[in-house]
Amino acid sequence: MSTIVLVLALAVLASAFASAAILRLLPTLQLQLVALALVAVCLPLGVVLASGLVMFGMHGSAKIVAVGLGSALAALAGAAVLGRRILQPLGRLRLTSARLAGGDLAARAPEEGPRELRALAATFNEMAGSIEQLFDARRELVAWASHDLRTPLASLRAMAEALEDELATPAEYVPAIRMQTEVLTRLVDDLFELAMIDAGAVTLELTDAPLGDVIAGCLGALEAEARARNVTLELRLGAEDPPVRIAPDKVERVLLNLLANAVRHARANGSVSVRLEPWPEHVLVAVEDSGDGLAPGTSQRMFERFWRADGSRARSSGGAGLGLAIAQGLVQAHGGRIWAENRREGGARVAFTLPRPVTRARSVVPA
């Protein structure tokens with residue numbers, strides 16, 4: 001009897017391995033589910049029936065066959081219901097992915113079915129949303145870049161035609177030509193900087209240095225513009241000016257951009273201040289102005305490329321709208337973050353963090 005039991009156990013084990021190998025060869029998930037249900041029912045049932053035949057003989061074979069067929073039919077019905085519940089959401093997800101691949105960026109998959117399939121659909125929809133935002137950003141980038149390039153190019157062409165027709169002398173247009181050339185150069189440089197930031201190829205010559213001198217230099221560079229607008233510049237360092245891990249030229253560009261925006265939006269006879277707050281792991285730098293503050297939704301969009309609060313995009317009211325996007329990229333390249341908010345006292349506040357250098361404790365060797 002023990003020999004028969006051992007042979008039966010080995011046969012069941014071999015059947016299980018063979019069934020698993022066969023299941024992997026089936027072409028569709030539905031067939032695999034049906035076969036798995038049959039194996040899950042028939043294999044244990046076969047063991048029970050074989051044991052009964054060995055122990056009690058061949059009596060009642062018709063009943064045994066009936067039980068086997070009934071179990072197999074029940075397994076097929078259960079597999080069909082389960083397969084339908086699993087395969088329908090997968091089929092809708094497949095159709096949605098095909099629509100997305102065909103260019104329908106607004107396609108989203110319904111989040112239904114078992115929990116795992118709902119999570120899969122939610123992840124797919126999140127990916128589809130990111131792709132749609134990426135394409136929208138690319139379209140806006142091309143549109144706004146074309147807009148900002150068209151204006152100075154049209155001006156240069158008009159001046160060139162005027163010179164060709166001898167309607168003006170070169171001396172009259174040389175300053176204007178130089179100014180438009182500088183506008184184009186700045187725009188191209190900004191686009192190149194953004195491309196380098198996106199590619200992760202920004203070169204940072206990092207050094208440990210306090211920020212006080214960098215901030216003072218930026219305030220000095222904007223002193224004339226602030227005085228022309230009757231705006232007072234202030235530096236609030238506090239009692240400590242700890243060293244931070246920075247590339248001074250990149251941080252200077254960030255500060256100049258934030259200060260220029262703050263001076264432009266500050267009220268007449270108002271003020272713009274730079275506040276420095278040291279924390280254990282980073283240093284917070286905040287540029288605050290006494291203007292009208294940020295309009296609703298501005299803090300979420302102001303770091304987007306080519307976005308400007310002035311819908312007319314007139315040059316007199318600002319640049320191309322790339323400065324804050326570059327500032328965000330440079331701060332993140334340092335390992336910090338940047339954000340904007342309204343002050344309770346009135347006005348806007350744009351703050352960013354920079355990491356402090358990692359200090360290693362010296363090991364003391366006992367004498």
Side-chain angles (χ1 to χ4, degrees), residues 144 147-148 151-152 155 175-176 178-187 189-190 193 211-238 248-277 284-299 301-328 330-331 338-352:
W144 291 128
H147 179 282
D148 282 18
T151 301
S155 178
R178 182 180 295 110
M179 182 182 68
Q180 296 298 334
T181 303
E182 290 175 355
V183 169
L184 289 172
T185 301
R186 285 197 300 269
L187 180 57
D189 288 344
D190 287 347
E193 186 85 19
L211 284 171
D213 293 339
V214 178
I215 297 174
C218 294
L219 291 174
L222 288 170
E223 181 65 34
E225 182 180 354
R227 189 182 297 112
R229 295 176 178 267
N230 295 322
V231 174
T232 303
L233 300 180
E234 301 176 1
L235 174 58
R236 301 176 183 177
L237 283 181
D249 58 330
K250 303 300 184 183
V251 174
E252 180 178 333
R253 180 167 188 180
V254 173
L255 280 169
L256 286 174
N257 182 273
L258 299 184
L259 286 169
N261 286 337
V263 169
R264 188 180 302 119
H265 291 93
R267 296 174 182 174
N269 300 317
S271 64
V272 171
S273 62
V274 181
R275 186 185 301 273
L276 192 68
E277 298 179 8
L284 184 142
V285 182
V287 177
E288 302 172 346
D289 65 59
S290 57
D292 297 328
L294 302 173
T298 299
S299 59
R301 297 204 60 194
M302 62 187 297
F303 295 102
E304 296 179 7
R305 300 170 186 187
F306 288 101
W307 185 86
R308 288 174 55 191
D310 174 28
S312 66
R313 300 188 62 81
R315 281 286 173 185
S316 59
S317 62
L322 295 175
L324 288 175
I326 293 175
Q328 183 184 50
L330 293 178
V331 169
I338 186 171
W339 68 95
E341 59 193 2
N342 283 320
R343 301 169 61 206
R344 286 180 296 179
E345 304 86 353
R349 179 176 188 260
V350 182
F352 63 93

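Quick caveat, the model's predicted, so the values are computed rather than measured.
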(message) Rounded at 0.5 Å granularity, tell me how far CG in Leu184 sits from CE in Met179.
(response) 11.0 Å
Just list the side-chain donor-acceptor pairs under 3.5 Å for residues 213-226, sequence neighbours left out, or say none.
{"from": "Glu223", "atom 1": "OE2", "to": "Arg227", "atom 2": "NH2", "distance (Å)": "3.4"}

(request) Answer yes or no: is there a side-chain heavy-atom contact under 4.5 Å between Leu233 and Val263? (result) yes
(request) For the residue pair Glu193 and Arg253, establish whether any side-chain heavy-atom pair is separated by less than 4.5 Å. (result) yes
(message) Checking the side chain of Ser271 only, and the main-chain atoms of Thr232 only, is there a donor and an acceptor separated by less than 3.5 Å?
(response) no
(request) Determine whether Asn261 and Arg264 make a side-chain contact, defined as any pair of heavy atoms from C-beta on separated by less than 4.5 Å. (result) yes
(request) Rounded to the nearest 0.5 Å, what's the gap from CG on Leu237 to CZ on Arg275? Could you check? (result) 11.0 Å
(request) Applying salt bridge (charged side-chain N to carboxylate O under 4.0 Å, His left out), name anything that partners Arg267, two or more places apart in sequence or on another chain. (result) Asp292
(message) Please check this pair: side chain of Arg343 against backbone of Asp289, looking for a donor-acceptor N/O pair closer than 3.5 Å.
(response) yes
(message) Suppose we screen for side chain to side chain donor-acceptor pair (under 3.5 Å). Which residues come up paired with Glu341, at least two apart in sequence or across chains?
(response) Arg349
(request) Test Phe352 against Leu255 for side chain to side chain contact (heavy atoms under 4.5 Å, CB included), laying out the working first. (result) CA-CA 10 Å; Phe352 63 93; Leu255 280 169; 4.0 Å; yes
(request) Looking only at non-hydrogen atoms, find the nearest pair between Gly323 and Asn257 and report the distance. (result) CA-ND2, 3.1 Å
(request) For side chain to side chain contact (heavy atoms under 4.5 Å, CB included), just list the numbers for Val251 and Leu330, CA-CA rounded to whole Å, side-chain angles, deciding distance to a tenth of an Å, and then say yes or no. (result) CA-CA 8 Å; Val251 174; Leu330 293 178; over 6 Å; no
(message) Less than 4.5 Å apart, side chain to side chain, heavy atoms only: is that true for Val254 and Ile326?
(response) no
(request) Mind listing the closest non-hydrogen atom pair of Asn342 and Leu294 along with its distance? (result) OD1-N, 2.5 Å
(request) Can you see which heavy atom on Ser290 is nearest to which on Gly270, and at what distance? (result) OG-CA, 3.3 Å
